[in-house]
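Remarks on the structure that follows.
Protein chains get the first letters and strands the later ones, always in sequence-line order, with residue 1 at the start of each.
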Protein chains: 2
Amino acid sequence: MSSSSRAPSGVLQTADRALLVLAAFTEREPEHGVSDLARRLDLDKSQVQRLMATLARRDFLVADPRTRRYRLGPALVGLGRLAERGDGISTVVRPILLDLSETTGESTVFNVADGGRYRCSVAVDQPGPFRYTSAVGQLFPGHGGASGHAIFAFYPEEEIPALFAPELEGATDATIGTRAELRRRYAEVRERGYAVSFGEHDARVVGVAAPVFAHGTVLGSVAVVGAAAHLRPQLDAIAERVVAAADALTQRFGSPPGAPQPD
Amino acid sequence: MSSSSRAPSGVLQTADRALLVLAAFTEREPEHGVSDLARRLDLDKSQVQRLMATLARRDFLVADPRTRRYRLGPALVGLGRLAERGDGISTVVRPILLDLSETTGESTVFNVADGGRYRCSVAVDQPGPFRYTSAVGQLFPGHGGASGHAIFAFYPEEEIPALFAPELEGATDATIGTRAELRRRYAEVRERGYAVSFGEHDARVVGVAAPVFAHGTVLGSVAVVGAAAHLRPQLDAIAERVVAAADALTQRFGSPPGAPQPD
DNA sequence: AGGAATCGTTGCGATAATCGCAACGGCGTT
DNA sequence: AACGCCGTTGCGATTATCGCAACGATTCCT
């Protein structure tokens, strides 16, 4: 072992390395060869080959017989959807939302991208004058709201027009109509790192949202939603906290675009 | 080991068991305790506890601190989406579609549920008089087509009305309009095991589709799409093949609702 | 076209990680 | 209040694993 700090607790080394192999696949690098990954993980070729063969036998990986390289396999699709549906996620997300909700004094939401739209996954509602009660499980159109902007501003370019072309009807005046306008705002969001919406869903409601990534793709967003009168004065400070919460979630959901793995 | 038949090939036992632990989570049983799983997998408590701790440390599982039981974790969400997006799936799906396409002489499609709609994931087009060229990546409304029926007939009851209420506009006369009618057809599909659509997308196009499951949830559907004149006479035989292909995919994507794990 | 380098795979022995047993403290139940 | 089941941990024997080396096949480069 290169690292002298041994894990004293009961962590199974072989199983852990199998998970490291899985975590090595990202949007930018969706396929890996054996020697390729061996170098990256600093393991022997033979070890990585046996790990990948084990994963492939259970369809967690699939080997392209032509290129002899591996990709993520079908077994992960069902597991991912099950994880998304069940409330295992809320166990991880809720504490972070609670913290964000306490420090800002507003309601917080975790939304996940879902077929060009986004779905309210976990919510922590804050009692107050403008009590914004989130509808967990509900789908929202992708082009609306700070949450939507934080998500789809980082979506692959080629998927955006197909998703937004057919349905562009809004709920408030502030809703963005034209696609060019939308693209321009997306550029702003990408540059700033978070999105702000002034009363798109409801005129008196302001949202601040930051994207959550997983393995190089946008998974969803964290948002603070509250009364405009209360949020606007301290918008910068709140945005900073939202981004921090989103980054924390990115750590838990997978590797950020260019950051190292945990451990 | 109780079994004397040793795995001669290079399969890492510990890693393989970690995958078995993950595969044990289904829609019907979304959470497991340590002793619980140990009995089911016929392993020692301590071993399963260390496996689950290893998985939890990488966020592949999360432990509910109250109940001390585990659920699928956030790390699987990103991996699942990445697996779904990349073409690792087509490596598995395409050979099956090719076989189905050859034995039926028609085009075949694999569609996956996506936020109340379904997305064309993999397609094998068959040249012919009514060459039906599938649009890979395109989203279709969930209430239309045989593929949609095969998918959403097996969807959790409570999610269907919310998904279908707002948008019920069709492309052909045969499209089902009312929700009651839809519910009745879903019952038929569930009983028969497959769905048939007569010209919903196009009047001369007939589709036969069967659901693909993964860990107890509907993941998508396999469909044969072709000219009505050619498909209708041999509809029963084709339906049988479609169901067989869908079942084969269910095996690769995860455990079917009540069937044993592979191996 | 030929040679060299790289790839994925396999054998094998030393060794370290794993496995199963047993015990422990904490909880909910009876 | 005692029981039973849970999740967790220590520890020794043993077993699965790990790293080295070698092998064909393929690819890349000249």
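Going from atom CG of A/Leu43 over to atom P of D/dC18 covers 8 Å, rounded to whole Å. Between the P atom of C/dA16 and the CZ atom of A/Arg17 lies a distance of 13 Å, rounded to the nearest Å. When rounded to the nearest whole Å, the span between CD of B/Gln47 and P of C/dA17 equals 15 Å. Distance CG (B/Asp16) to P (D/dA16): 13 Å, rounded to an integer number of Å. Whole-Å rounding puts the B/Asp36 CG to D/dC6 C1' distance at 11 Å. For A/Leu51 and D/dG19, the CG to C1' distance is 13 Å, given to the nearest whole Å. Distance CZ (A/Arg69) to C1' (D/dT26): 14 Å, rounded to an integer number of Å. With rounding to whole Å, A/Asp44 atom CG is found 17 Å from C/dA17 atom C1'.
The side chain of A/Arg50 places no N or O atom within less than 4.0 Å of a non-bridging phosphate oxygen (OP1 or OP2) of D/dG19.
In this structure, the nucleotide among C/dA23, C/dT18, C/dT9 sitting nearest to the side chain of B/Lys45 is C/dA23. Closest contact between the side chain of B/Tyr70 and the listed nucleotides D/dT8, D/dC20, D/dC6 involves D/dT8. Candidate nucleotides D/dT17, D/dC11, C/dG8 were compared by shortest atom distance to the side chain of A/Arg68, and C/dG8 ranks first. Relative to the side chain of A/Gln49, the nucleotides C/dT10, D/dC6, C/dC19 differ in distance, and C/dT10 lies closest. Checking D/dT17, D/dC20, D/dT9 against the side-chain heavy atoms of B/Gln13 singles out D/dT17 as nearest.
When only modelled atom types and interatomic distance are considered, B/Gln126 and B/Ser107 share no side-chain donor-acceptor pair under 3.5 Å. In this structure, a donor-acceptor pair under 3.5 Å is absent between the side chains of B/Thr217 and B/Glu27.
Among the heavy atoms of the strands, none lies under 4.0 Å from B/Arg66. Here A/Thr14 lies in heavy-atom contact (under 4.0 Å) with sugar-phosphate atoms only.
Note that CZ of A/Arg81 is 8.5 Å distant from CZ of B/Arg81, once rounded to the nearest 0.5 Å.
When atom types are taken as modelled, the side chain of B/Thr108 and the backbone of B/Leu97 share a donor-acceptor pair closer than 3.5 angstrom.
Nearer to the 5' terminus of DNA chain C, by closest-nucleotide assignment, is the contact made by A/Ser35 (compared with the other of B/Ser46 and A/Ser35).
When side chains are defined from C-beta on, B/Leu61 does not count as touching B/Arg71, because their heavy atoms never get closer than 4.5 Å.
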